[in-house]
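Just below is one structure, and these are the notes that go with it.
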Amino acid sequence: MELPTMRKPFICWVFLSVVVFAQVSNGFYLPGSYMHTYSNGEFINAKVNSLTSIETELPFSYYSLPYCQPPGGIKKSAENLGELLMGDQIDNSPYRFRMNVNETLYLCTTSPLNEHEVKLLKQRTRDLYQVNMILDNLPVMRYTSQNGVKIQWTGFPVGYTPSDGSADYIINHLKFTVFVHEYEGRGVEIIGTGEEGMGIISEADKKKASGYEIVGFHVVPCSIKYDPEAMKKHKMYDGISSVSCPNELDKYQVIKEQERISFTYEVEFVKSDIRWPSRWDAYLKMEGSRVHWFSILNSLMVIVFLAGIVFVIFLRTVRRDLTRYEELDKEAQAQMNEELSGWKLVVGDVFREPDCSTLLCVMVGDGVQILGMAAVTIVFAALGFMSPASRGMLLTGMIILYLILGIAAGYVSVRLWRIIKGTSEGWRSISWSAACFFPGIAFIILTVLNFILWNSNSTGAIPISLYFELFFLWFCISVPLTLIGGFMGTKGESIEYPVRTNQIPREIPARKYPSWLLVLGAGTLPFGTLFIELFFILSSIWLGRFYYVFGFLLVVLLLLIVVCAEVSVVLTYMHLCVEDWRWWWKAFYASGSVALYVFLYSINYLVFDLQSLSGPVSATLYLGYSLLMAIAIMLSTGTIGFLMSFYFVHYLFSSVKID
């Protein structure tokens with residue numbers, strides 16, 4: 001009993017540190033980049049990300065098109081693992097501004113366009129590719145009006161194609177509006193370095209850090225036909241007279257061979273009352289990604305109500321069965337044992353080793369790993385640790401958590417193996433299989449998709465160097481942790497079956513309909529808890545919308561866990577009542593079958609909601625990623641159902657002593 005005593009000083013020290021820290025600082029910004037203030041006239045450089053399109057889902061480098069390049073050459077920004085996997089390629093750009101200086105500037109005039117450049121510009125224009133620009137870690141936003149409704153978008157198009165399709169026009173003039181908020185500082189202390197650092201506003205430091213914060217970045221794209229000879233006389237960043245966006249097509253800059261295109265831009269600084277911590281609100285409240293709160297709440301209430309009814313009926317049935325049996329005297333019990341019916345008949349077979357027991361152990365272990373990763377990620381995101389300002393951090397965090405939770409996968413796999421086999425022999429093989437099963441499937445799918453991306457010269461393709469990094473993380477971190485977890489599983493307390501297993505398996509009575517139909521149908525109830533949220537998640541992934549209602553996602557996850565557990569237990573009980581003792585895999589797939597409906601819904605989303613998605617390459621990418629998502633959902637939800645069913649069966653047959 002020395003351990004609690006030893007822990008007390010440590011807990012007190014942690015608590016004291018938190019209290020002291022809370023007293024020292026009056027504000028703590030965890031999400032996104034730290035606050036940066038600019039003085040009047042200070043240069044601010046914009047960056048560019050990959051060109052993206054909701055029609056192809058193939059990102060390309062900004063400088064794959066004949067755009068102006070920065071004076072010092074192209075320099076790539078440091079990117080985290082998540083950004084690289086997402087296909088982001090952030091480069092510097094020639095666009096630069098001076099704080100609170102409104103000006104119109106000339107950038108460059110291209111050499112005459114050749115056939116390849118014209119073909120590429122036309123293709124990117126007709127595929128609705130967007131230029132994604134970033135200023136002070138804020139994506140550029142533009143407003144459009146459709147049917148009288150004002151719509152917000154991030155990025156601006158490469159070009160414009162009129163409805164008759166007679167010609168294509170390039171966007172070559174950008175009218176930027178930068179919203180700034182005047183900040184009179186109380187002192188800013190920076191923890192961490194780089195764009196993803198954390199800022200703490202400290203009362204202790206009274207130094208002035210006054211300046212201007214960037215709180216908004218908007219653009220109006222224009223196509224203007226310039227006289228290339230007159231524009232050639234200017235140098236980069238020379239001031240020119242302000243121009244208005246024309247309305248006539250003959251004044252647009254057409255894309256055709258031997259045409260020389262001049263690029264210009266203007267910037268206007270506007271003071272705003274928006275404060276720096278609230279500057280992302282405009283992006284997170286975009287019309288296309290606003291969650292239908294009442295629809296989600298209605299679905300949650302219906303599912304809770306239905307699941308509650310099923311669970312109450314089930315509890316009353318089992319409790320009545322057990323109470324009747326326990327109230328009998330010994331003679332009556334002996335007589336009842338001779339007239340057993342239902343689940344009591346399979347007492348000698350209920351814990352018989354299932355088919356493909358090794359695969360079951362591995363899948364349950366991997367399911368625990370995936371479920372743990374998803375749960376911890378969503379909890380941290382709901383608490384505000386995963387800001388959209390930190391591009392790629394969500395995916396990076398998920399990968400790190402998955403690697404660490406390899407220890408849980410190894411432990412659960414080997415522990416279940418010991419329960420089924422009654423021995424620890426072969427635990428290394430089980431641990432290795434758990435470490436390689438889901439990552440191996442993911443590696444095969446991603447490699448096939450990567451070859452498609454490589455063939456398309458997309459920035460979404462994973463470079464060879466990153467492949468080696470992922471292999472290093474897999475075999476040098478995940479595999480050893482899984483083996484450690486497996487070793488811990490061999491040392492865990494053994495779980496004994498409450499009843500003995502007969503040598504000869506009992507014959508299962510014939511049924512009018514296959515039991516697997518009931519198993520597959522059971523997945524509809526868990527699917528009902530998540531299909532609305534699934535729509536918004538798919539929209540954020542494939543339509544470039546922001547998703548940041550992780551609080552609701554956490555509620556949906558908790559409800560999904562409860563429903564998966566209930567559905568699997570009820571189905572297991574139903575199978576035992578009809579003397580079907582092969583419950584192991586059916587318990588897994590009763591809740592895991594929700595993945596089938598998720599994949600079918602993804603196909604439905606592709607057909608009816610992603611109608612703009614064009615070409616077999618884009619459809620293959622979509623289906624490949626959807627398949628990987630469905631497999632992960634199957635393993636995690638199936639694990640919930642199986643573990644709950646195992647606990648139920650063990651508890652049920654421990655409650656009744658049958659000789």
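- With hydrogens and angles left out, the side-chain atoms of Tyr169 and Gln253 include no donor and acceptor closer than 3.5 Å.
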(request) Please step through side chain to side chain contact (heavy atoms under 4.5 Å, CB included) for the pair Tyr265 and Leu105, ending with a clear verdict. (result) CA-CA 6 Å; Tyr265 71 97; Leu105 302 175; 3.2 Å; yes

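- Scanning both residues, Thr264 and His173, for their nearest heavy atoms gives OG1-ND1, 2.6 Å.
- Closest of all the heavy-atom pairs between Ala382 and Leu554 is CB-CD2, 4.3 Å.
- Heavy atoms only, all atoms of each residue included: Arg126 and Glu55 are closest at O-OE1, 4.0 Å.
- The CZ atom of Phe43 sits 12.5 Å away from the CE atom of Met99 when rounded to the nearest 0.5 Å.
- Of the possible polar contacts, one joining the Asn92 side chain to the Lys75 backbone as a donor-acceptor pair under 3.5 Å is found.
- Looking at Val140, Leu174, Ile44 one by one, the single match for side chain to side chain contact (heavy atoms under 4.5 Å, CB included) with Tyr95 turns out to be Leu174.
- Between the side chain of Glu117 and the backbone N or O of Asn114 there is at least one donor-acceptor pair closer than 3.5 Å.
- Panel note: side chain Ser262, backbone Met231; no donor-acceptor pair is recorded below 3.5 Å.
- Thr56 and Tyr129 are linked by a side-chain donor-acceptor pair at a separation below 3.5 angstrom, with hydrogens and angles left out of the test.
- Rounding to the nearest 0.5 Å places OG of Ser465 at 8.0 Å from CG of Leu84.
- For the pair Met133/Phe217, a side-chain contact is recorded, criterion being any heavy-atom separation below 4.5 Å from C-beta on.
- A salt bridge is defined here as a Lys NZ or Arg NE, NH1 or NH2 lying under 4.0 Å from an Asp or Glu carboxylate O, and Lys225 with Glu248 fails to meet this definition.
- From Asp273, atom CG reaches atom NE2 of His181 across 7.5 Å, with rounding to the nearest 0.5 Å.
- If you run side chain to side chain contact (heavy atoms under 4.5 Å, CB included) between Phe269 and each of Val178, Thr177, Ile214, only Val178 comes through.
- Between Tyr38 and Asn100, the closest side-chain pair of non-hydrogen atoms is not below 4.5 Å.
- In terms of heavy-atom proximity, Ser64 sits nearest to Leu51 at OG-CD1, 4.3 Å.
- Between Pro246 and Lys251 the shortest heavy-atom distance is CB-CB, 3.7 Å.
- Using a 4.5 Å heavy-atom threshold, the side chains of Val243 and Tyr226 count as touching.
- Counting only distance, with no hydrogens or angles, the side chain of Thr110 and the backbone of Ile261 share a donor-acceptor pair below 3.5 Å.
- With rounding to the nearest 0.5 Å, the separation of CZ in Arg260 from SG in Cys108 is 12.0 Å.
- Under the 3.5 Å distance criterion, the side-chain polar atoms of Asn172 are matched with a main-chain donor or acceptor of Ile224.
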(request) Determine, step by step, whether Phe550 and Leu394 satisfy the side chain to side chain contact (heavy atoms under 4.5 Å, CB included) criterion, reporting the C-alpha distance in whole Å, the side-chain angles of both residues, the deciding distance to 0.1 Å, and the verdict. (result) CA-CA 12 Å; Phe550 290 104; Leu394 186 67; 4.2 Å; yes

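- Considering CG of Asn49 and CD1 of Ile134, their distance stands at 5.0 Å, rounded to 0.5 Å.
- Note that CD1 of Ile54 is 11.5 Å distant from OG of Ser618, once rounded to the nearest 0.5 Å.
- A distance-only check finds a donor-acceptor pair linking the side chain of Ser458 to the backbone of Pro59 [under 3.5 Å].
- Proximity of a side-chain donor or acceptor of Ser223 to a complementary backbone N or O of Ile170 within less than 3.5 Å is detected.
- Between Val598 and Leu530, the closest side-chain pair of non-hydrogen atoms falls below 4.5 Å.
- Between Tyr622 and Tyr605, the angle of the ring planes stays under 30°, which puts this pair in the parallel group of the 30/60° scheme.
- Contact annotation: the side chain of Asn137 approaches that of Arg279 to within less than 4.5 Å [non-hydrogen atoms, C-beta and beyond].
- Under the 6.0 Å cut-off for aromatic ring centres, Tyr183 and Trp276 do not qualify, their centroids lying 6.0 Å or more apart.
- Annotation: side chain of Glu257 is not in contact with side chain of Leu113 (no heavy-atom distance under 4.5 Å).
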(request) Go through Tyr402 and Thr377 one step at a time and tell me if the side chain to side chain contact (heavy atoms under 4.5 Å, CB included) criterion holds. (result) CA-CA 10 Å; Tyr402 183 83; Thr377 302; over 6 Å; no

(request) Apply side chain to side chain contact (heavy atoms under 4.5 Å, CB included) to Leu81 and Leu470, showing your working. (result) CA-CA 9 Å; Leu81 182 60; Leu470 293 175; 4.1 Å; yes

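- With hydrogens and angles disregarded, no donor-acceptor distance shorter than 3.5 Å links the side chain of Glu259 to the backbone of Lys256.
- In summary, the side chains of Asp88 and Ser50 do not present any donor paired with an acceptor at a separation below 3.5 Å, with no hydrogens or angles considered.
- Ring geometry for Tyr62 versus Tyr67: interplanar angle under 30°, hence parallel rather than tilted (30 to 60°).
- Using a distance-only test at 3.5 Å, with no hydrogens or angles considered, a donor-acceptor pair links the side chain of Asn450 to the main chain of Ile462.
- Looking at Leu135 and Phe97, their side chains come closer than 4.5 Å, going by heavy atoms from C-beta outward.
- At a threshold of 4.5 Å between non-hydrogen side-chain atoms, the residues Ser61 and Asp91 count as touching.
- Residue Ser241 comes nearest to Thr104 through the heavy atom pair O-CG2, 3.9 Å, listed as atom of the first residue, atom of the second, then distance.
- The aromatic rings of His234 and Tyr106 are tilted relative to each other, their planes meeting at an angle between 30° and 60°.
- For Tyr63, the OH atom counts as densely surrounded, since its 6.0 Å shell holds more than 12 non-hydrogen atoms of other residues, nucleotides or ligands.
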